[in-house]
Amino acid sequence: MRVISPATLLLCRSLSDGTLGRRSCTLQSTRARCYCDRSHSSGERRNPGPLVLYKRMVEDGKLQHDIFQEKVAMEFEDLLLRLEHYETEMEEYHKKLANWENVRENERRRLMLEEAELRQKDGEWTRSNYRESWFLERWMLRRRRGNPETGVGRMVSYLNRERKIDSLAGERPVLPQAPKGIYLYGNVGSGKTMLMDMFFSATEGIVKHRRRFHFHEAMLEIHEHMHNAWKNKIKDRSLHSRIFNWIHNLPFDSKVKEWLIGEERYKQETREKHILHAVADKFLVDRQSAKSGATILCFDEIQTVDVFAIVALSGILSSLLSSGTILVATSNRAPEDLNQDGMQKEIFQKLVSKLDECCQKISVGSEIDYRRLMPSENSNQVRYFWPLNSDNCREFDKIWKEVISQSGVKPTFNAISVMFGRVLMVPESCSGIARFNFDYLCGRATGAADYIAIARNYHTVFISDIPVMSMRIRDKARRFITLIDELYNHHCCLFCLADASIEDLFEGTDEGTLFDLESFQFETETEGVKLRRDVLTPGSVGLGPTSTGIASLMSGQEEMFAFRRAVSRLIEMQKPLYIEGVHLLHPILNSSNICAKWGTLQTILSNNEREIDMGRTPKLETKSWDI
């Protein structure tokens with residue numbers, strides 16, 4: 001069996017020859033599937049538009065022409081042409097909005113100070129005797145400890161003041177009409193993600209605020225922003241919080257200041273009631289920069305896997321679209337078909353209506369999985385070894401030893417940060433290369449956050465002892481699919497040792513075909529307590545999947561989409577074109593110096609393979625460098 005495929009890394013060989021600087025068609029092709037090539041400064045020529053890039057790749061034989069893909073590329077080109085004018089409009093809008101908000105805040109504080117002076121003069125806070133003072137102190141203490149929104153008096157006062165401020169500050173600046181975004185849906189491997197990434201790459205230098213998320217990464221960031229929002233809310237309750245600083249030095253007695261702080265706190269908490277709107281504000285805009293200009297969100301693989309996903313996506317996407325953000329999204333389903341389980345129908349319908357209003361829906365109607373048609377080597381699979389026998393285990397171990405020998409560093413047991421202070425222990429790793437077995441990654445309580453951390457920290461990942469997926473290990477199968485998604489999205493190089501071929505990996509065993517019975521569970525809320533219910537349990541009731549939704553789950557449609565996507569991506573990850581992109585696109589391999597070293601490593605491995613093909617014993621060169 002062959003150890004490594006020959007001539008797989010043409011780009012990295014060009015790195016060694018010093019030809020990386022040329023804008024080759026290889027660079028263009030790899031840029032198509034990536035987030036974008038960040039190596040170009042804003043002063044250089046802009047990236048080609050999606051239609052230009054698509055036609056060039058077809059002409060160069062990198063892609064097979066598809067009428068559906070060309071139509072989408074044309075729509076993206078049209079959207080790109082409208083972006084520059086929209087960016088200018090949004091820059092002007094945000095300047096006007098910032099001025100309006102400053103005027104409004106100044107008017108609000110002026111009105112509050114006038115009211116505070118009246119309260120001071122009228123002696124509302126004057127104590128007539130010690131008993132009254134004691135009673136008032138106790139009353140104010142109870143108010144501070146309780147809900148600041150007690151009674152309708154404060155609410156009425158707040159609303160009246162807001163109306164008066166509106167009349168003084170003038171009308172809010174009118175938001176420019178945003179170009180319609182694009183929602184792509186279609187079959188696995190039809191080119192949705194590739195086309196979206198072509199567009200995203202082309203927006204560099206045109207739009208200031210732009211983000212590209214995969215579903216899992218987006219959900220984790222939403223969780224993180226919500227966590228931070230709650231932490232800041234607790235911190236801001238302190239009387240020494242920054243939001244009260246302007247009050248402390250005012251020439252009023254303590255009780256008038258107490259009233260001012262109460263009003264300020266009430267305003268703050270009123271605005272924070274809708275936490276998803278606050279999260280949306282931080283979802284796209286860099287925390288270190290002011291919000292100005294247009295914003296674009298590219299969202300890969302939109303899903304509604306549970307109640308939280310529906311509620312969070314509905315709140316955040318609706319807020320972003322209402323504030324002028326342009327959404328470009330991909331999914332296996334049309335928007336109206338996303339919620340097959342019938343969860344939170346009313347909230348979901350609002351999301352669908354907003355998507356209909358702000359996006360044009362385009363079906364990439366091809367039934368062809370183009371990942372399978374990508375050019376391949378004239379050899380067997382060389383990064384995916386199967387079945388699990390002694391010969392393949394030896395070959396897999398040999399490649400591992402060859403790869404790590406070139407790093408000059410001995411593999412060690414390491415820990416990497418995940419999120420929320422968690423760490424993940426990595427049994428063997430060195431210089432951006434890591435090795436795991438299947439059960440360690442997918443047989444424990446791990447998830448998308450762990451897999452994203454692995455993908456960000458390691459450009460090359462070895463996974464051994466991958467079994468055929470079956471009903472008995474359906475939870476492991478779902479984790480494995482999520483792992484493949486994140487390794488693919490971060491453009492990692494993957495070596496696998498499995499019990500079956502890629503095509504047969506998700507076919508199930510004698511125990512039955514594979515679909516996820518855990519999808520029959522849903523979250524609900526009863527008397528303030530979050531529950532996890534199984535709709536297959538007799539007598540189970542609550543707000544959950546409808547009978548139609550349950551029938552959809554019983555058919556395993558969602559699982560089949562996920563399995564087909566995983567198979568398609570595993571096939572692409574063996575292709576030379578994908579491997580070429582690893583050296584340009586993975587964060588660890590972002591400098592040409594490291595790329596050159598990596599290219600040298602792969603050239604040595606290819607030379608070793610040729611030696612093996614000729615019946616010779618390969619010579620392992622021992623170089624030491626820090627990658």
Side-chain angles (χ1 to χ4, degrees), residues 181-190 192-193 196 211-223 276 279 283 297-318 320-321 327-345 347-352 354-356 359 361-364 447-449 451-452 474-475 477-489 506 514-523 544-546 548-550 552-553 555-569:
I182 294 176
Y183 182 103
L184 297 180
Y185 64 98
N187 191 45
V188 168
S190 58
K192 303 182 297 295
T193 299
M196 181 185 74
R211 295 290 301 275
R212 195 273 196 197
F213 286 106
H214 182 266
F215 173 78
H216 298 304
E217 190 175 17
M219 289 296 102
L220 288 170
E221 184 148 332
I222 289 170
H223 275 289
L276 289 178
V279 171
F283 198 55
L297 171 61
C298 289
F299 202 129
D300 194 25
E301 301 287 353
I302 281 188
Q303 306 169 45
T304 55
V305 294
D306 53 29
V307 172
F308 175 78
I310 292 174
V311 174
L313 287 179
S314 179
I316 289 175
L317 291 183
S318 296
L320 290 173
L321 292 172
L327 174 67
V328 174
T330 71
S331 181
N332 290 323
R333 296 185 181 277
E336 58 272 16
D337 297 329
L338 281 173
N339 189 16
Q340 294 287 306
D341 305 345
M343 297 179 289
Q344 298 292 326
K345 283 186 175 181
I347 295 176
F348 174 73
Q349 193 54 48
K350 290 179 181 178
L351 173 60
V352 172
K354 200 66 182 177
L355 290 174
D356 286 340
C359 297
K361 297 179 290 185
I362 302 177
S363 171
V364 186
Y451 305 146
I452 289 173
R474 59 187 179 273
D475 55 338
R478 294 296 297 178
R479 291 190 187 108
F480 183 66
I481 290 170
T482 302
L483 171 62
I484 296 302
D485 282 342
E486 295 311 325
L487 295 177
Y488 177 84
N489 289 325
F506 296 97
L514 179 61
F515 63 93
D516 191 4
L517 282 177
E518 291 182 348
S519 293
F520 297 145
Q521 296 181 337
F522 61 94
E523 286 189 3
T546 61
T548 305
I550 295 174
S552 170
L553 288 172
S555 69
Q557 293 177 20
E558 295 302 322
E559 284 68 32
M560 290 308 300
F561 270 129
F563 301 155
R564 284 163 52 199
R565 184 177 71 244
V567 168
S568 180
R569 288 181 169 180

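Computed from a prediction, not measured in an experiment: that's the story for all the values here. For the single chain, residues carry numbers from 1 onward in sequence order.
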Inset, instruction - Calculate, to the nearest 0.5 Å, the distance between atoms CZ and CD belonging to Phe348 and Glu336 respectively. - result: 8.0 Å
Inset, instruction - Mind checking the CD-NZ spacing from Glu301 to Lys192? Nearest 0.5 Å is all I need. - result: 6.0 Å
Inset, instruction - Please test Leu317 against Leu351 for side-chain contact (heavy atoms from CB on, under 4.5 Å), starting from the C-alpha separation and ending with a verdict. - result: CA-CA 8 Å; Leu317 291 183; Leu351 173 60; 4.1 Å; yes
Inset, instruction - Drop me the distance from Leu313's CG to Leu276's CG, to the nearest 0.5 angstrom. - result: 10.0 Å
Inset, instruction - Can you sort out the partners of Gln303 under side-chain hydrogen bond (donor to acceptor under 3.5 Å, both in side chains), two or more places apart, ordered by chain and number? - result: none
Inset, instruction - To the nearest 0.5 Å, tell me how far Asp306 CG sits from Gln344 CD. - result: 10.5 Å
Legend entry - Nearest heavy atoms of Glu217 and Ile452, plus distance in Å: CA-CD1, 3.8 Å
Inset, instruction - Run the salt-bridge test on Lys361 and Asp356 with the 4.0 Å N-O cut-off and return the result as yes or no. - result: yes
Legend entry - Between Asp300 and Thr193: side-chain donor-acceptor atoms closer than 3.5 Å: yes
Legend entry - Shortest non-hydrogen contact between Ile481 and Ala566, atoms and distance: CG1-CB, 4.1 Å
Legend entry - Atom of Glu486, atom of Ala448 and distance for their closest heavy-atom approach: CG-O, 4.5 Å
Inset, instruction - Specify the closest pair of heavy atoms between Val567 and Phe506, including all atoms of both residues, with the distance to one decimal. - result: CG2-CD1, 3.5 Å
Inset, instruction - Quick one: closest heavy-atom pair of Ser190 and Gly186, and the distance? - result: OG-C, 4.1 Å
Inset, instruction - Output all residues satisfying side-chain hydrogen bond (donor to acceptor under 3.5 Å, both in side chains) with Lys350, sequence neighbours left out; order by chain, then residue number. - result: none
Inset, instruction - Applying side-chain contact (heavy atoms from CB on, under 4.5 Å), run through Phe308 and Ile222 and close with a yes or a no. - result: CA-CA 11 Å; Phe308 175 78; Ile222 289 170; 4.0 Å; yes
Legend entry - Test ring-ring contact (aromatic ring centres under 6.0 Å, His included) applied to Phe215 - qualifying residues, sequence neighbours left out: none
Legend entry - Heavy-atom pair of closest approach, residues Phe299 and His214: CE2-C, 4.5 Å
Inset, instruction - Please identify each residue that fulfils side-chain contact (heavy atoms from CB on, under 4.5 Å) with Ala449, with sequence neighbours left out. - result: Leu220, Val418, Met419, Arg422
Inset, instruction - Output all residues satisfying side-chain contact (heavy atoms from CB on, under 4.5 Å) with Leu321, sequence neighbours left out; order by chain, then residue number. - result: Leu327, Lys354, Leu355, Cys358
Inset, instruction - Name all residues meeting the side-chain contact (heavy atoms from CB on, under 4.5 Å) criterion together with Ser331; count only those two or more places apart in sequence or in a different chain, and write none if there are none. - result: Tyr183, Ile302, Arg333, Leu338
Legend entry - Interatomic distance, Ser568 atom OG to Ile484 atom CD1 [nearest 0.5 angstrom]: 12.0 Å
Inset, instruction - Would you please name every residue forming a side-chain hydrogen bond (donor to acceptor under 3.5 Å, both in side chains) with Asn187, sequence neighbours left out? - result: Arg564
Inset, instruction - Quick one: list whatever passes side-chain hydrogen bond (donor to acceptor under 3.5 Å, both in side chains) with Asp485, sequence neighbours left out. - result: Arg565, Arg569
Inset, instruction - Enter the distance from Leu320:CG to Leu297:CG here, rounded to the nearest 0.5 Å. - result: 6.5 Å
Legend entry - Side-chain heavy-atom pair Arg212, Asn489 within 4.5 angstrom cut-off: yes
